[in-house]
Number of protein chains: 2
Amino acid sequence: MTATQAGSQAVDRAAALLALVVESGDPRTFTSLVEDVGLAKSTTSRLLQALERNRLVRRDRAGSFHPGPLFAVYAARHDTTGDLVELAQPAMDRLSELTGETVNLAVPRAGELVQIAQVDSSYLLGATNWLGVSVPPHCTALGKVFYAHRVMALQKGELRWPTDRAMTRPQLERELAEVVRRGWALAWEELEEGLAAIAAPVHAADGSVVAAISVSGATTRITRSEVPGLGATLVEQGRTISQLLGHQP
Amino acid sequence: MTATQAGSQAVDRAAALLALVVESGDPRTFTSLVEDVGLAKSTTSRLLQALERNRLVRRDRAGSFHPGPLFAVYAARHDTTGDLVELAQPAMDRLSELTGETVNLAVPRAGELVQIAQVDSSYLLGATNWLGVSVPPHCTALGKVFYAHRVMALQKGELRWPTDRAMTRPQLERELAEVVRRGWALAWEELEEGLAAIAAPVHAADGSVVAAISVSGATTRITRSEVPGLGATLVEQGRTISQLLGHQP
DNA sequence: ACGCAGGTTCCACAATATGGAACTTCGCCG
DNA sequence: CGGCGAAGTTCCATATTGTGGAACCTGCGT
């Protein structure tokens with residue numbers, strides 16, 4: 001067998017098995033792993049037992065294999081923000097190429113909208129660096145995505161609007177229903193005059209919305225007639241990221 | 001070398017190295033791994049290269065080792081609730097042994113309090129199964145922990161109290177400051193007459209509060225004089241879980 | 001009771017993994 | 001600027017491990 005490097009065939013084989021289990025998303029039977037890995041049953045059995053003994057896989061009562069406690073420890077103590085950013089980066093770069101505008105990724109956290117990554121605009125008149133900037137979510141496209149999908153609760157009390165494009169609460173609720181229907185959200189000069197943004201959701205494997213991705217720029221470039229096309233593009237890129245997270249539409 | 005089983009020494013060795021990297025929390029140098037694992041430098045180098053090739057570790061620019069992309073994939077697409085429950089289970093069992101009362105674990109999610117695990121009371125007069133039950137957080141011990149640590153925002157508007165033990169908002173704010181000071185929260189017949197609960201926070205590696213653990217039961221058993229002692233016990237078990245998450249006080 | 005699928009164990013032997021030595025690279029210090 | 005030491009990599013003779021075919025075990029369905 002062709003080896004990338006001498007003296008690690010057993011480790012390579014065990015790792016290949018491990019990758020099959022971790023990337024599967026579903027429990028894996030011994031037989032299905034034997035078929036996929038292409039090794040003798042005895043070899044596969046021995047390698048799986050070594051992986052189990054070392055907490056890299058675990059078996060459920062039916063005997064099927066799952067990622068083991070070492071993965072759980074990593075996930076439980078690791079801030080996955082970096083992982084999400086890493087997975088989302090190609091889609092964000094793609095959006096940047098396609099539009100030349102500022103691209104952002106945000107997550108809902110402690111009931112607030114948190115920007116975790118940004119690809120800057122190629123225009124001089126671009127949006128600010130939004131990371132760490134606190135904005136009223138109801139007048140942002142990203143915030144509307146989170147409100148529409150109920151991963152953030154719309155605050156009670158008076159909603160303040162920084163521009164004169166104020167909405168009543170019923171108007172906003174109708175807007176949010178529209179976001180769910182068409183898949184994307186728009187904020188047109190609601191946060192600042194001359195600033196437009198479109199956003200779409202990112203779903204986890206279980207379908208829940210865990211992030212949103214957006215494009216923003218000047219209304220002199222992002223015309224009203226372009227918005228539906230941009231919205232469709234954002235939905236598509238949001239779907240791409242969701243699929244990387246194991247979501248199946 | 002004593003082997004648990006024939007034919008997997010290389011996998012066991014590679015897995016031991018991997019565990020050192022994943023459980024470390026910090027980047028690991030090649031030299032520090034050689035020291036800890038106790039193998040020849042050439043063996044360690046070869047095993048680490050195999051782990052890197054198989055995406056189980058990665059090296060940063062300085063050459064130090066980190067958990068690799070396979071862990072990131074797992075974390076990004078895996079709901080870590082199950083992992084947190086698994087890590088917290090021994091501490092919850094311990095609290096159940098010590099008190100005999102209902103023990104709960106909750107997380108803040110989308111600005112709301114979500115119960116994710118419970119160990120039932122050994123008493124007949126025990127608390128309900130809280131999982132999935134929506135309660136007003138301001139009159140629960142768990143909710144007070146989240147409000148006190150600002151991982152949930154106290155709602156504007158009138159606070160409704162199901163019993164006659166209502167508090168004014170300033171009274172509640174003072175209570176929350178007290179929660180931070182002494183480390184634990186108390187709800188004494190605020191949710192229901194005859195029901196008492198004490199809760200303490202669980203911290204992630206970065207210090208942020210990601211969960212809370214509580215004990216609840218009838219005021220006929222949980223007397224007022226016992227509350228401080230129970231509070232201290234909960235703080236201790238909360239700290240135990242936090243340490244498993246990589247938090248260092 | 002029998003057959004079969006899923007999975008485990010045994011062991012002769014082929015071939016891999018080992019580690020000591022040699023080597024490379026880089027930063028620090030005189 | 002050269003020497004030195006630490007960190008890390010590569011080489012290869014050889015010891016010993018990992019392999020897979022065969023035999024075996026277990027549970028379930030007929």
Side-chain angles (χ1 to χ4, degrees), chain A residues 1-70, chain B residues 1-70:
Chain A
M1 169 189 277
T2 303
T4 308
Q5 180 176 319
S8 58
Q9 181 185 245
V11 176
D12 287 337
R13 285 175 160 189
L17 271 169
L18 182 54
L20 288 172
V21 174
V22 172
E23 287 174 329
S24 168
D26 293 312
R28 294 298 305 260
T29 62
F30 174 80
T31 302
S32 74
L33 289 168
V34 168
E35 281 163 12
D36 283 358
V37 83
L39 294 169
K41 287 202 298 179
S42 47
T43 304
T44 302
S45 179
R46 194 179 49 253
L47 292 173
L48 282 166
Q49 284 174 36
L51 289 173
E52 187 176 4
R53 185 165 61 246
N54 289 287
R55 301 158 60 228
L56 287 158
V57 298
R58 67 172 177 84
R59 299 187 85 158
D60 60 28
R61 267 200 222 88
S64 291
F65 292 93
H66 300 253
L70 210 57
Chain B
M1 167 186 277
T2 303
T4 307
Q5 179 177 320
S8 60
Q9 181 185 246
V11 177
D12 288 337
R13 286 174 159 189
L17 271 170
L18 183 54
L20 287 173
V21 174
V22 172
E23 287 173 331
S24 169
D26 292 312
R28 294 295 308 257
T29 63
F30 173 79
T31 302
S32 73
L33 289 168
V34 168
E35 281 165 9
D36 284 357
V37 81
L39 295 168
K41 288 201 296 179
S42 49
T43 305
T44 304
S45 179
R46 194 179 50 258
L47 293 171
L48 282 167
Q49 286 174 35
L51 291 172
E52 187 177 4
R53 186 162 65 246
N54 290 287
R55 300 154 63 226
L56 287 157
V57 300
R58 67 172 177 84
R59 299 187 86 157
D60 61 27
R61 271 205 219 79
S64 292
F65 292 93
H66 301 253
L70 209 59

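This one's a predicted model, so the numbers in the text were calculated from it and none came from an experiment. Below, all heavy atoms of this structure are taken into account, side chains as well, without hydrogens, waters or symmetry copies. Order of the sequence lines sets the chain letters (A, B, ...), proteins ahead of strands, with each chain counted from 1.
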Please write out each protein N/O paired with an N/O of nucleotides 20-25 of chain C under 3.5 Å, distance rounded to 0.1 Å.
from, atom 1, to, atom 2, distance (Å)
C:dG20, O6, B:Ser42, OG, 2.9

Check nucleotides 26-30 of chain D against the protein and report each pair of N or O atoms closer than 3.5 Å, with its distance, or say if there are none.
none

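Atom CG of A:Leu33 and atom C1' of C:dG7 are 12 Å apart (whole Å). Between the CG atom of B:Asp60 and the P atom of D:dG8 there is a distance of 11 Å, given to the nearest Å. Atom pair A:Asp12:CG and D:dT17:C1' shows a separation of 16 Å (rounding to whole Å applied). Here C:dA17 presents its C1' atom at 14 Å from CG of B:Leu17, a figure rounded to the nearest Å. Rounded to an integer number of Å, the gap from CD of A:Glu35 to C1' of C:dA5 is 12 Å. For the pair A:Glu52 CD and C:dT8 P, the computed distance is 9 Å after rounding to whole Å. Rounded to an integer number of Å, the gap from A:Leu47 CG to C:dA17 P is 11 Å. One atom, CD of A:Gln9, and another, C1' of D:dG20, lie 12 Å apart when rounded to the nearest Å.
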Full working for side chain to side chain donor-acceptor pair (under 3.5 Å) between B:Thr31 and B:Glu35: CA-CA 6 Å; B:Thr31 302; B:Glu35 281 165 9; over 6 Å; no
Full working for side-chain contact (heavy atoms from CB on, under 4.5 Å) between B:Thr43 and B:Arg46: CA-CA 5 Å; B:Thr43 305; B:Arg46 194 179 50 258; 3.7 Å; yes
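The rotation axes computed at either terminus of the helix from C:dA1-D:dT30 to C:dG30-D:dC1 lie 40° apart, taking five pairs at each end and rounding to 10 degrees.
The nearest pair of heavy atoms linking B:Pro67 to B:Val21 is N-CG1, 3.6 Å. Contact record, B:Ala19 with A:Leu70: CA-CD2, 3.9 Å, taken as the closest heavy-atom pair. Across all their heavy atoms, A:Leu47 and A:Ala10 have their closest contact at CD2-O, 4.0 Å.
Where A:Ala10 and A:Ala62 meet DNA chain C, the nucleotide closest to each residue was compared, and A:Ala62 sits on the side nearer the 5' end.
Under 4.0 angstrom from either OP1 or OP2 of C:dT8 there lies at least one side-chain N or O belonging to A:Ser45. Contact annotation: A:Arg46 side-chain N/O to D:dG18 OP1/OP2 distance is not under 4.0 Å. Between B:Gln49 and D:dT10, a side-chain N or O to OP1/OP2 separation shorter than 4.0 Å is present. Side-chain nitrogen and oxygen atoms of A:Arg59 include at least one within less than 4.0 Å of the OP1 or OP2 phosphate oxygen of C:dT8. Residue A:Arg13 has no polar side-chain atom (N or O) positioned under 4.0 Å from OP1 or OP2 of C:dA17. At C:dT16, none of the side-chain N or O atoms of A:Ser8 fall inside 4.0 Å of OP1 or OP2 (strictly under the cut-off).
Contact of the B:Val37 side chain with the B:Arg13 side chain is not registered, since no non-hydrogen atoms from C-beta on lie closer than 4.5 Å.
In this structure, CG on A:Leu48 lies 4.0 Å from CZ on A:Phe65, to the nearest 0.5 angstrom. In this structure, CZ in A:Phe30 is found 9.0 Å from CG in A:Leu17, a value given to the nearest 0.5 Å. Interatomic distance, B:Leu56 CG to A:Leu56 CG, rounded to the nearest 0.5 Å: 7.5 Å.
With sequence neighbours excluded, the residues that form a side-chain hydrogen bond (donor to acceptor under 3.5 Å, both in side chains) with A:Asp60 are A:His66. Legend: residues meeting side-chain hydrogen bond (donor to acceptor under 3.5 Å, both in side chains) with A:Thr29, ordered by chain and number and at least two apart, are A:Ser32. Evaluation of the salt bridge (charged side-chain N to carboxylate O under 4.0 Å, His left out) rule for A:Arg28 yields A:Asp36 as partners, not counting sequence neighbours.
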